[in-house]
Amino acid sequence: MLIRYGVSTGFTSLGSVKNCMLASSAVFRRQQFLIRSLGGYSDHIDSRRMQDIRSMSGTTFEADAENVMREITSVLDPSKHKGQAGKIAVIGGCREYTGAPYFAAISALKIGADLSHVFCTKDAAPVIKSYSPELIVHPILEESYNISGLEDEERRCISSKILAEVDKWMERFDCLVVGPGLGRDPYLLECVSEIMKHARQSNVPIVIDGTSITYLMDIAQDGLFLVTNSIDLVSGYPLAVLTPNVNEYKRLVQKVLNCEVNDRDAPELLQSLAKQIGGVTILQKGKSDLISDGEIAKSVSIYGSPRRCGGQGDILSGSVAVFLSWARAKGKATTSQMNPTVLGCIAGSALLRKAASLAFKDKKRSTLTTDIIECLGRSLEDICPAC
Ligand SMILES: NC(=O)C1=CN([C@@H]2O[C@H](COP(=O)(O)OP(=O)(O)OC[C@H]3O[C@@H](n4cnc5c(N)ncnc54)[C@H](O)[C@@H]3O)[C@@H](O)[C@H]2O)[C@@H](O)CC1
Ligand SMILES: Nc1ncnc2c1ncn2[C@@H]1O[C@H](COP(=O)(O)OP(=O)(O)OP(=O)(O)O)[C@@H](O)[C@H]1O
Ligand SMILES: [Mg+2]
C-alpha cells in the first residue's frame with residue numbers, strides 16, 4: 001500500500017506550513033494516536049520509532065525498488081530503433097566543472113539510453129569531448145567573463161542565439177538534466193532559466209540538480225534577472241524533479257517553507273515542500289534517499305557505500321533522467337500506478353546505491369565516481385538481465 005498523507009488543503013502562510021500539514025494529515029493523526037498509545041511523545045520520537053509506527057499504521061514507506069526497476073526498465077527489442085531507449089540532454093559544464101556533466105551524461109548511456117547530449121560553455125566543451133567520444137557535446141553556453149564589455153543589446157542577441165540552438169533539439173529529448181557543473185555565473189544561469197521555460201512549454205521532463213536549484217532563487221531575489229521568482233520556473237510543473245543534497249535541501253526548505261530542516265519529520269516536511277512547489281517531485285539525497293511528489297513519500301535505503309566522493313549526485317541525476325523517461329514511455333502500463341517521476345527517482349537512487357556498493361567492495365577507500373559508473377551496467381543486469 002502506498003503512503004498517502006492526504007495533505008489536500010492549501011497552506012495559508014509559509015510559517016504555518018508544518019502545523020497545517022500535521023493537522024490535515026489523517027495518516028499522521030493516526031500515527032500520533034499510536035504514539036500516544038505507546039506512551040511516547042511525538043516531539044521526541046526518533047526516526048526508527050517513526051518507521052515502526054508507519055509500519056504499524058499499515059503504510060509502506062520503503063520503496064520496492066527492485067520491482068520498480070524490473071517494471072520500468074526498457075526491454076531490449078530487436079524491432080526498436082536508435083533513440084527509443086532514451087535521448088537525454090545535460091545542461092551543465094563550465095570552466096571550473098567539467099567532470100559533473102560528463103558523469104551525468106555517461107551514466108545515462110551506461111544504463112541504457114541511446115543518445116546523451118551535453119550543452120556546456122565553449123571553454124568546457126573540448127575537455128568534456130576528450131573524456132568520451134560517445135557524448136554529443138554542444139559548445140554553446142557563455143559565461144559573463146566572455147561577454148564582458150558588450151552592450152545589453154548584444155548580450156540579449158547572444159542569449160537568443162543560445163536559446164535558438166537548444167530549441168532546435170528540444171523536442172527530440174526525453175529528459176533534460178539541468179545543473180551538473182553549471183556553476184553560478186549570473187549570465188549563464190539566466191540563459192539556462194530561459195532554456196527551462198522552453199523545456200516546460202514543450203512538456204519535456206527536467207531533472208534539476210546542483211547549486212542551481214537554490215541559486216536560481218537567490219538570483220531572482222537579488223533582482224538581477226528578468227525572472228522575478230525563479231521557483232516559478234518549476235512550480236506546478238509535474239515533470240520537474242529536484243535532486244537536492246543536504247545543503248541544497250536546507251536552502252530550499254528555508255526559502256520555500258521558511259523553516260529549518262529536522263530529522264524527526266523528514267518525510268512529512270519533504271511532502272509539504274513538494275506540495276508547496278506545486279507537486280514537483282523532490283529526491284532528498286542522504287543516508288536514505290527520500291522521494292515525494294507531494295502526494296506520496298517513499299524512501300530508498302538500499303546499502304550503498306561509505307565513500308562520499310564528489311560526483312555521485314551527478315550519476316544519480318543521469319540515472320533518474322533515464323528511468324523517468326522509461327517510466328513515462330510505459331505510461332499507465334505500470335502496476336504500481338505511481339507517478340513516473342517518482343518511479344524514476346526510486347529506480348535511479350537504487351541503481352546508484354547498488355553500483356556504489358559493488359564498486360566499494362572492490363576498491364574500498366580508493367573508490368571514485370568513475371569506478372561506480374563502471375558498476376552501473378552490472379548492477380542493472382543483476383536485477384533486469386538483458387536476455
Ligand atoms: N568533478 C566535478 O566536476 C564535480 C562537480 N560538481 C559540481 O560542483 C558544484 C558544487 O557542488 P557541491 O555539491 O560541492 O555543492 P555544495 O552544496 O556542497 O555546496 C558547496 C558550497 O557552496 C555553498 N552553497 C551552496 N549553494 C549556495 C547558494 N545558493 N548560495 C550560497 N552558497 C551556496 C555551500 O554552503 C558549500 O559551502 C556543482 O555545480 C556540482 O555540479 C560536483 O557535482 C562534484 C563533482
Ligand atoms: N550519508 C550517506 N549515506 C549513504 N549514502 C549517501 C549518504 N549521503 C549521500 N548518499 C548517497 O550518495 C548519493 C549522492 O548524494 P550526495 O549528497 O553526495 O549528492 P551531491 O552532493 O549532489 O553529489 P555531487 O558531488 O555529485 O554533487 C545519494 O543519492 C545517496 O544515495
Ligand atoms: Mg550535486
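Order of appearance sets the numbers: ligands from 1, and atoms from 1 within every ligand.
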Problem - Aromatic ring pairing Trp169/Phe173, orientation class (parallel under 30°, perpendicular over 60°, tilted between) - result: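 Taking Phe173 first and then Trp169, their aromatic rings lie parallel (interplane angle under 30°).
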
Practice task
Tell me, please: is Gly286 in heavy-atom contact with ligand 2, that is, under 4.0 Å?
Solution key: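 The answer is yes: ligand 2 sits under 4.0 Å from a heavy atom of Gly286.
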
Problem - Heteroatom distance test (Arg353, ligand 2): nitrogen or oxygen, under 3.5 angstrom - result: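 Such a contact does occur with ligand 2.
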
Problem - Donor-acceptor side-chain pairing of Ser292 and Gln271 below 3.5 angstrom - result: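 Judged by distance alone, the side chains do not pair up.
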
Handout entry: Subset of ligand 2 atoms that lie under 4.0 Å from at least one heavy atom of Gly310
Key =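 Those of ligand 2 that fall under 4.0 Å from Gly310 are 25 (O).
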
Exercise for the section: Determine, considering heavy atoms only, which of Lys285, Gln284, Arg308 sits nearest to atom 6 (C) of ligand 2. Expected result: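 Residue with the shortest heavy-atom distance to the ligand atom: Arg308.
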
Practice task
Examine the side chains of Asp289 and Ser349 and answer whether a donor and an acceptor come within less than 3.5 Å of each other.
Solution key: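 A donor-acceptor contact under 3.5 Å links the two side chains.
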
Practice task
Tell me, please: is Gly304 in heavy-atom contact with ligand 2, that is, under 4.0 Å?
Solution key: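 So Gly304 does not count as touching ligand 2.
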
Practice task
Below 4.0 angstrom from a heavy atom of Gln312, which ligand 2 atoms are there? Numbered from 1 as shown, please.
Solution key: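 Under 4.0 Å from Gln312, ligand 2 has these atoms: 14 (C), 26 (O).
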
Practice task
Any atoms of ligand 2 less than 4.0 Å from a non-hydrogen atom of Gly311? List them with their elements.
Solution key: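 Those qualifying, in numeric order: 24 (P), 25 (O), 26 (O).
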
Practice task
Sequence neighbours left out, what passes side chain to side chain contact (heavy atoms under 4.5 Å, CB included) with Ser160? Give chain and number order.
Solution key: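 Scan of Ser160 (side chain to side chain contact (heavy atoms under 4.5 Å, CB included), adjacent residues dropped) gives none.
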
Practice task
Please confirm whether the backbone N or O of Pro340 pairs with a side-chain atom of Lys330, one donor and one acceptor, at under 3.5 Å?
Solution key: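 No; judged by distance alone, with no hydrogens or angles, the pair does not exist.
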
Handout entry: For Glu153, salt bridge (charged side-chain N to carboxylate O under 4.0 Å, His left out) partners two or more places apart
Key =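 Salt bridge (charged side-chain N to carboxylate O under 4.0 Å, His left out) list for Glu153, sorted by chain: Arg156.
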
Exercise for the section: Say whether Asp123 and Thr121, considering side chains only, have a donor N or O and an acceptor N or O under 3.5 Å apart. Expected result: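 Result is no, nothing qualifies.
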
Problem - For Asp314, the ligand 2 atoms whose distance to one of its heavy atoms is below 4.0 Å - result: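 Selected atoms, number and element: 26 (O).
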
Problem - Contact (N/O only, under 3.5 Å) between Asp289 and ligand 2 - result: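 N/O-N/O distance under 3.5 Å: yes.
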
Practice task
Pick whichever of Asn245, Leu352, Leu316 has a heavy atom sitting closest to atom 13 (C) of ligand 2.
Solution key: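 Going through Asn245, Leu352, Leu316 one by one, Leu352 has the nearest heavy atom to atom 13 (C) of ligand 2.
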
